[in-house]
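One structure is given below, encoded as structure tokens.
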Amino acid sequence: MTILFYIAGAIAVIASIAVILQTNIVHALLYMVVSLLSVAVVFYVLGAPFAAMLEAIVYAGAIMVLFLFVIMMLNLGQHTRDEEKSWLTPGGWILPSILSAVLLLQLVNVISELNFDILPEQVGVMQVSALLFGPYVIAVELASILLLAGLVAAYHLAKSK
Amino acid sequence: MIKLIADTLLTQVRTLWLVFIKLFKKKDTVEYPDKQPYMFPRWRGRIILSRDPDGEERCVACNLCAVACPVDCIALQKGEMEDGRWYPEFFRINFSRCIMCGFCEEACPTNAIQLTPDFEMAEYKRQDMVWEKEDLLINGTGKYHDYNFYRVAGKQIKGKDKGEALNESAPIDVRSLMP
Amino acid sequence: MDLSIGSPLTIGLILGVVIITAALLITVERRLLGFWQERLGPNRVGWFGSLQVVADMIKIFTKEDWIPPFADKFSFVVAPGIIMTVVLLSFAVIPFSPNLGVIDSNIGVLFVLAMASLGAYSVMLGGLSSDNKYALLGSLRAAAQMISYEVFMGISLLGVIALTGSFNLREIVESQSDGWYIVPQFIGFVIFLIAGVAESHRLPFDIPEAEQEICAGYHTEYSGMKFGMFFVAEYIGLVLISSLITVLFFGGWLGPDFLPSVAWFAIKAFGFIAFFILMRAAVPRPRYDQLMTYGWLFLLPLSLLNLLVTGAIILST
């Protein structure tokens, strides 16, 4: 299982880098889906199958599909690819990547000092639900009210005059 | 609302049932090469040239069929015998153009050209679709068994003047004042 | 002969049986459609047309596999693979009999839903990368339809899950030993049936590939084996939806003892496959906006209501 974790993690990192470097927006989106799916595998290996499946259903299955849906309706051609290429000049990405690399080193340093088991026991659906509707019920309700507000706003905007 | 939903659902279920019981009904398909379908006598299929009851060609090379043909698939050449009768020197139908409309049959004054219920006309070579007179001509009268153009029509030929044919009265003298 | 859950032999067996069943369904569907339309259907090749599938396969395999020069080659090639992978992976969690299956997962239902939602990519990428107007229209329709109907598909299952108290498909079957869930969850069953047809875009919800309107929809530009994969994946999806309905609402392998449990599963699943084919023969295709209105304004409230009532009954007893 540990080797699975490292493979999935490596795929997630590589795919995320590819999302940034890819100039074809559809291919970039596919890499993002791969990245999300590998994160789902990471979740599964870490003992959270429910979170893994939700990652696959909600992020890879619903949100990314909506992204693709929007991309389909935009008329993207060669000119957007050229534009993307022109944005990826070294002056643009060197400084942010150095800064993020420093942050990454710090993060690795912090994590390596922590001593935790990579394979804790499985957190089943029941435990997650008990937590969601027990101690964190207010957060869940607030989130659902937020989503409801978004729904009402979308309905209002989309309603034909 | 509930009535509407129930009606909609019930009509769908009824549709499904009515289609389902067709599983046990007799099928409409005729398994063609194994079973020959019944062809109606007036089916517009392969074109033939018929002969009159005496065994002579009916076609008088009037070219009406070639004129009537909407796709111009009929070609013929007039020839004349010693007795003044016309006949086609060649008669050619290009069946790769023919659309089996039957206009030639309607246009024919002598019932010579007729459409038959034969529809199996596929060929491997396109040139084989062009039928000459010897291919088209049959030894029979086709759909009209005792019709002979020269016996009934007012056409003057050697040995038969106008008005001497079967069922024919003498021509009217247009200069006479009598009724 | 190791035929326990998850042994390589079992996995190979299930894969082979599923793919062969899906391929045979091409012939079965054509024959049944023919009967229901008062025709005979293909009956020339082999005994009563049983070898028609071989002829179809030879035709598909030997056709020219053509990629349009204007297409986005990477997405174009990847798209049919995605749907094939996704539908075959979904069979991993289906329990065929008490000791036949690929894995015994505690998140079986969620896994199936995740795979169904990933299947949308194949359709969308296929249409988008073809660079063809009809394909694009088809995949737009497919995307909207699949996202919408996934919602009701998930919610309609929640009643069953609440009654069982588990996402494990095996436990769901076992808990039906004293009564199938079709009785308490009839509304859930109907919604799942409709959503399942829409997810596998079969008639009457084949709006993404409506021949009369938009050629073949998202696979207009596909030919040869890539088209074959889309084609077979549709039938595997049909088998999958039928198996799921059997497992979730009709007691899976449960049945009287005179037949083995796999046989009961197969009989029930084939019944639903035949029902889907009957729907194709009988029910006309709705308009696109009708489909959306029907889904969001009728099925969604109904499935929520079903869940609410089920939850209330479970809490009160």
Side-chain angles (χ1 to χ4, degrees), chain B residues 1-46 70-71 95-96 98-102 115-129, chain C residues 28-49 52 182 186-191 193-194 197-198 202-205 270-287 290-291 293-295 297-303 305-306:
Chain B
M1 180 69 185
I2 289 168
K3 188 178 179 301
L4 181 75
I5 292 169
D7 282 356
T8 327
L9 202 67
L10 283 182
T11 46
Q12 297 295 335
V13 172
R14 182 169 169 271
T15 310
L16 288 173
W17 172 248
L18 285 179
V19 175
F20 178 74
I21 53 173
K22 292 201 171 179
L23 194 60
F24 310 106
K25 283 202 177 144
K26 194 179 169 298
K27 308 295 177 245
D28 282 342
T29 312
V30 179
E31 291 188 87
Y32 157 59
D34 303 339
K35 286 181 204 137
Q36 284 294 329
Y38 173 70
M39 302 304 293
F40 293 91
R42 290 191 184 182
W43 174 272
R44 298 202 303 262
R46 184 167 60 84
V71 290
F95 277 109
S96 60
C98 181
I99 56 172
M100 312 292 169
C101 64
L115 276 73
T116 57
D118 180 20
F119 60 92
E120 293 163 324
M121 299 171 58
E123 297 285 351
Y124 286 102
K125 276 190 291 189
R126 188 165 291 188
Q127 200 53 41
D128 292 351
M129 301 287 280
Chain C
V28 171
E29 168 160 45
R30 288 177 66 185
R31 287 287 280 180
L32 278 179
L33 264 185
F35 287 145
W36 280 320
Q37 293 167 351
E38 295 190 27
R39 300 183 284 117
L40 287 170
N43 62 348
R44 293 279 145 183
V45 195
W47 185 73
F48 282 105
Q52 182 67 38
I182 172 78
F186 184 72
I187 296 173
F189 161 69
V190 172
I191 295 167
L193 189 78
I194 295 170
V197 178
R202 300 259 321 159
L203 271 144
F205 296 130
F270 185 77
F272 282 103
I273 291 170
F275 180 73
F276 283 129
I277 297 171
L278 175 62
M279 270 175 94
R280 174 173 181 174
V283 186
R285 177 189 306 131
R287 226 166 47 215
Q290 288 171 336
L291 179 88
T293 318
Y294 179 64
L297 297 186
F298 179 68
L299 287 185
L300 180 66
L302 192 66
S303 51
L305 205 66
N306 176 46

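Letters A, B, ... mirror the listed sequences (proteins, then strands); counts begin at 1.
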Mind listing the closest non-hydrogen atom pair of C:Arg39 and B:Lys27 along with its distance?
O-CD, 3.1 Å
Is the CZ atom of C:Arg44 crowded by more than 12 outside heavy atoms at less than 6.0 Å?
yes
For the CD atom of B:Gln12 and the CE atom of C:Met279, what is their distance to the nearest 0.5 Å?
8.0 Å
Of the non-hydrogen atoms in B:Thr15 and C:Ala282, which two are nearest, and what is the gap between them?
CG2-O, 3.6 Å
Verify the neighbour count for atom CD of B:Gln127: are there more than 12 heavy atoms of other residues, nucleotides or ligands below 6.0 Å?
no
Measure the CH2-CG distance between C:Trp36 and B:Leu18 for me, rounded to the nearest 0.5 Å.
13.5 Å
Contact summary for C:Leu40 and B:Thr29, nearest pair of heavy atoms:
N-OG1, 3.3 Å
Within a radius of less than 6.0 Å around CZ of B:Phe40, do more than 12 heavy atoms belonging to other residues, nucleotides or ligands occur?
no
More than 12 heavy atoms of other residues, nucleotides or ligands under 6.0 Å from CZ of B:Phe119: is that the case?
yes
Which atoms form the tightest heavy-atom contact between B:Lys26 and C:Glu38, and what is the distance?
O-OE1, 4.1 Å
